[in-house]
Colleague: 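Take a look at the following structure, please.
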Amino acid sequence: MDAYTLWREVRIPRTGPGEDLIMTHSDLVLADLYVTTVIRYVEEGVFKLAPTDVLALLEELMRRIEQIDVSESEEHQAAARAQHAYAALLYVVYQRYLEIGKTQGA
């Protein structure tokens, strides 16, 4: 299964306990919204970049998730792992989208 298909089939992970995980979840939802530009390309052939540097946003988000203290509970750990995995999936999808755009001269 390719990353795009996987992304379309999985849901954004739930937020976790604690303010840090709530904030990273909020940013994950925003990043997911930016990555939806890929859908328009797949379905309609329209290549249009998101209005921000999505890869930089996701790199920063993954870094923040990695720095969250998850020692409090298994619930913290599971939420952080799920958020990080989803952010990494978004990164792969959008990175591939940019590569396709370069090959098509977009």
Side-chain angles (χ1 to χ4, degrees):
M1 178 179 297
D2 65 278
Y4 175 81
T5 303
L6 178 61
W7 168 60
R8 297 288 288 163
E9 291 185 4
V10 298
R11 294 180 181 209
I12 297 173
R14 294 181 183 201
T15 187
E19 188 173 328
D20 288 339
L21 287 168
I22 292 169
M23 294 302 294
T24 54
H25 181 265
S26 175
D27 291 341
L28 190 59
V29 170
L30 178 62
D32 187 73
L33 177 64
Y34 287 137
V35 175
T36 61
T37 58
V38 175
I39 297 169
R40 190 166 181 208
Y41 173 76
V42 170
E43 293 180 358
E44 301 172 20
V46 176
F47 184 89
K48 183 175 181 184
L49 294 175
T52 190
D53 184 344
V54 176
L55 297 183
L57 173 74
L58 288 165
E59 287 171 355
E60 173 64 17
L61 179 57
M62 287 186 285
R63 185 193 60 75
R64 285 176 37 221
I65 293 168
E66 290 167 0
Q67 293 178 346
I68 294 174
D69 179 11
V70 293
S71 62
E72 293 182 37
S73 70
E74 179 60 35
E75 186 181 5
H76 277 79
Q77 294 170 16
R81 280 192 307 267
Q83 286 185 16
H84 193 280
Y86 193 80
L89 177 60
L90 292 177
Y91 190 95
V92 169
V93 169
Y94 202 77
Q95 183 178 44
R96 180 68 182 126
Y97 176 64
L98 294 178
E99 291 169 1
I100 290 168
K102 285 182 184 177
T103 63
Q104 294 184 355

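Start at 1 with the first residue, then count along the sequence.
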Colleague: Aromatic ring centroids of Tyr97 and Phe47 under 6.0 Å?
Modeller: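 When the ring centroids of Tyr97 and Phe47 are compared, they turn out to be within the sub-6.0 Å range.
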Colleague: So, taking the atom named CE in Met62 and the one named CG in Leu28, what distance separates them when rounded to the nearest 0.5 Å?
Modeller: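 One gets 10.0 Å once the value is rounded to the nearest 0.5 Å.
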Colleague: Any donor and acceptor pair, going by atom type alone, linking the side chain of Glu75 with main-chain N or O of Gly16 inside 3.5 Å?
Modeller: no
Colleague: Do Val29 and Leu21 sit in the same hydrophobic cluster, where Ile, Leu, Val, Met, Phe, Trp and Tyr count as joined when their side-chain heavy atoms come under 4.5 Å apart?
Modeller: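 Cluster IDs for Val29 and Leu21 differ.
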Colleague: With the side chain counted from C-beta on, respond yes when Thr37 and Leu49 share a heavy-atom pair under 4.5 Å apart, and no when they do not.
Modeller: no
Colleague: Quick check against the 3.5 Å criterion: does His25 have a side-chain atom that pairs as donor or acceptor with the backbone of Pro13?
Modeller: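 Yes; at least one donor-acceptor contact below 3.5 Å.
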Colleague: Got a second to check how far His84's NE2 is from Leu58's CG, nearest 0.5 Å?
Modeller: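 One finds 10.5 Å between NE2 of His84 and CG of Leu58.
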Colleague: Starting at CD1 of Ile39, measure out to OH of Tyr41 and round the result to the nearest 0.5 Å.
Modeller: 14.5 Å
Colleague: Please answer: with hydrophobic residues joined when any side-chain heavy atoms are less than 4.5 Å apart, are Val93 and Val46 in the same cluster?
Modeller: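 Per the 4.5 Å side-chain linkage, Val93 and Val46 are not co-clustered.
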Colleague: Return the minimal non-hydrogen interatomic distance between Val70 and Ala80, and the atom names on each side.
Modeller: CG1-CB, 3.6 Å
Colleague: Side chains of Ser26 and Thr15, heavy atoms from C-beta outward: is any pair under 4.5 Å?
Modeller: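 They are not in side-chain contact.
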Colleague: Considering only residues two or more places apart or on different chains, which pairs with a residue in residues 80-101 satisfy salt bridge (charged side-chain N to carboxylate O under 4.0 Å, His left out)?
Modeller: Glu74-Arg81, Arg96-Glu99
Colleague: Are Val10 and Val92 grouped together when hydrophobic residues (ILVMFWY) are joined by side-chain heavy atoms under 4.5 angstrom apart?
Modeller: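 The answer is no; the residues belong to distinct hydrophobic clusters.
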Colleague: Say whether, by atom type as modelled, one donor and one acceptor occur between the side chain of Tyr91 and the main chain of Val54 under 3.5 angstrom.
Modeller: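 A pair under 3.5 Å: no.
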Colleague: For the residue pair Leu61 and Ile65, establish whether any side-chain heavy-atom pair is separated by less than 4.5 Å.
Modeller: yes
Colleague: Quick check for you: to the nearest 0.5 Å, what is the distance between Leu57 atom CG and Tyr94 atom OH?
Modeller: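 Spacing of CG (Leu57) from OH (Tyr94) equals 10.5 Å.
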Colleague: List the residues meeting salt bridge (charged side-chain N to carboxylate O under 4.0 Å, His left out) with Glu59, not counting sequence neighbours, and say none if there are none.
Modeller: none
Colleague: Could you pull out all residues at least two apart from Arg14 that satisfy salt bridge (charged side-chain N to carboxylate O under 4.0 Å, His left out)?
Modeller: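 If we apply the salt bridge (charged side-chain N to carboxylate O under 4.0 Å, His left out) test to Arg14, skipping adjacent residues, there are no hits.
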Colleague: Could you measure the distance from the CD atom of Gln95 to the CD1 atom of Ile100? Nearest 0.5 Å is fine.
Modeller: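 Rounded to the nearest 0.5 Å, the CD-CD1 separation comes out at 11.5 Å.
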Colleague: Any carboxylate oxygen within less than 4.0 angstrom of a Lys/Arg side-chain nitrogen, looking at Glu66 and Arg63?
Modeller: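 No.
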Colleague: State which residues pass side-chain hydrogen bond (donor to acceptor under 3.5 Å, both in side chains) with Glu19; sequence neighbours excluded, sorted by chain then number.
Modeller: none
Colleague: Measure the spacing between CD1 of Ile12 and CG of Leu90 and express it to the nearest 0.5 Å.
Modeller: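 If I round to the nearest 0.5 Å, the distance is 7.5 Å.
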Colleague: List in chain and number order the residues that pass salt bridge (charged side-chain N to carboxylate O under 4.0 Å, His left out) with Asp32, two or more places apart in sequence or in another chain; answer none if no residue qualifies.
Modeller: none
Colleague: Could you work out, with salt bridge (charged side-chain N to carboxylate O under 4.0 Å, His left out) as the rule, every residue matching Glu9, not counting sequence neighbours?
Modeller: none
Colleague: Charged N to carboxylate O below 4.0 Å: is that the case for Arg64 and Asp27?
Modeller: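 Asp27 and Arg64: salt-bridged.
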